[in-house]
Amino acid sequence: MSDVLHMPPVHHPHRFFALMFGCCAAPLLWVCQLLADYWISSQTCSHAVHLNPVSTDALRSVLLSVGIVAILGAVAGLWASLMLWRATAPNPSGVVPGREHFMAIWGIFSSLCFIGAIVFDLISSLTAPLCAS
């Protein structure tokens, strides 16, 4: 017989998908925000396009809306992780929480870190000039 330990099966698939959402929503939304910021800035700074101040304000409003959507999605991931953390907390009988509790904690940590990154990226994209030249 081998000494290989196998992971137990997932008993609550809906909880697993909620845990994955909590762990992955904020990082994915941060990457989407970065890609959108890069694309908008590259379109603004291309020499083929000359923008007037009205279109620059419109682009800043697009940057703001992308940032707000990213923040709201990341907060939804944080909320899902918090609810699952509370649902998988150790009970008074002393049962040690398992991988679902660990993933919920990781989702809280990941969401908080990436919410900070999204907020700082939003601030920099709204205050810095869109194109330096």
Side-chain angles (χ1 to χ4, degrees):
M1 241 212 226
S2 71
D3 293 334
V4 176
L5 298 176
H6 297 284
M7 296 297 292
V10 176
H11 295 291
H12 306 287
H14 64 282
R15 186 180 283 179
F16 175 76
F17 291 119
L19 286 166
M20 285 292 106
F21 174 73
C23 288
C24 299
L28 289 175
L29 288 167
W30 177 66
V31 168
C32 290
Q33 181 192 22
L34 285 178
L35 291 174
D37 288 352
Y38 178 76
W39 182 77
I40 290 170
S41 297
S42 68
Q43 294 299 316
T44 304
C45 295
S46 87
H47 297 291
V49 179
H50 299 288
L51 298 173
N52 57 17
V54 174
S55 59
T56 303
D57 291 338
L59 288 177
R60 287 207 187 270
S61 66
V62 170
L63 289 173
L64 178 65
S65 62
V66 167
I68 289 173
V69 167
I71 289 171
L72 292 176
V75 168
L78 174 65
W79 181 78
S81 293
L82 282 170
M83 293 298 110
L84 288 164
W85 174 67
R86 291 180 64 196
T88 60
N91 55 17
S93 66
V95 175
V96 177
R99 63 181 168 189
E100 292 177 345
H101 189 72
F102 171 76
M103 286 180 65
I105 291 172
W106 182 252
I108 293 168
F109 175 73
S110 172
S111 295
L112 287 174
C113 289
F114 281 99
I115 286 171
I118 291 168
V119 167
F120 283 125
D121 187 40
L122 179 63
I123 291 169
S124 67
S125 66
L126 293 177
T127 57
L130 287 176
C131 191
S133 58

With clusters defined by side-chain heavy atoms of hydrophobic residues (ILVMFWY) lying less than 4.5 Å apart, directly or transitively, does [Y] cluster with [X]?
| X | Y | result |
| --- | --- | --- |
| Val69 | Ile71 | no |
| Ile123 | Leu126 | yes |
| Val119 | Leu28 | no |
| Val62 | Trp39 | yes |
| Tyr38 | Leu34 | no |

Between [X] and [Y], what is the shortest heavy-atom contact and its length?
| X | Y | answer |
| --- | --- | --- |
| Ala80 | Phe21 | CB-CD2, 4.1 Å |
| Ile115 | Ala74 | CG1-CB, 3.5 Å |
| Arg60 | Ser125 | NH1-O, 3.0 Å |
| Ala70 | Gln33 | CB-CB, 4.4 Å |
| Ala26 | Ser111 | CB-CA, 3.8 Å |

Measuring from [X]:[atom1] to [Y]:[atom2], what's the distance to the nearest 0.5 Å?
| X | Y | atom1 | atom2 | result |
| --- | --- | --- | --- | --- |
| Leu82 | Leu112 | CG | CG | 7.5 Å |
| Leu64 | Leu122 | CG | CG | 6.0 Å |
| Ser110 | Trp30 | OG | CH2 | 11.0 Å |
| Cys23 | Ile108 | SG | CD1 | 9.5 Å |
| Leu63 | Ile40 | CG | CD1 | 4.0 Å |
| Trp79 | Ser81 | CH2 | OG | 11.0 Å |

Mind telling me whether Phe109 and Trp106 have parallel, tilted or perpendicular rings, with 30° and 60° as the class edges? tilted
Side chains of [X] and [Y]: does their closest heavy-atom pair fall under 4.5 Å?
| X | Y | value |
| --- | --- | --- |
| Leu84 | Arg15 | yes |
| His101 | Ile105 | yes |
| Met103 | Thr88 | no |

Evaluation steps, side chain to side chain contact (heavy atoms under 4.5 Å, CB included), between Arg99 and Leu19: CA-CA 10 Å; Arg99 63 181 168 189; Leu19 286 166; over 6 Å; no
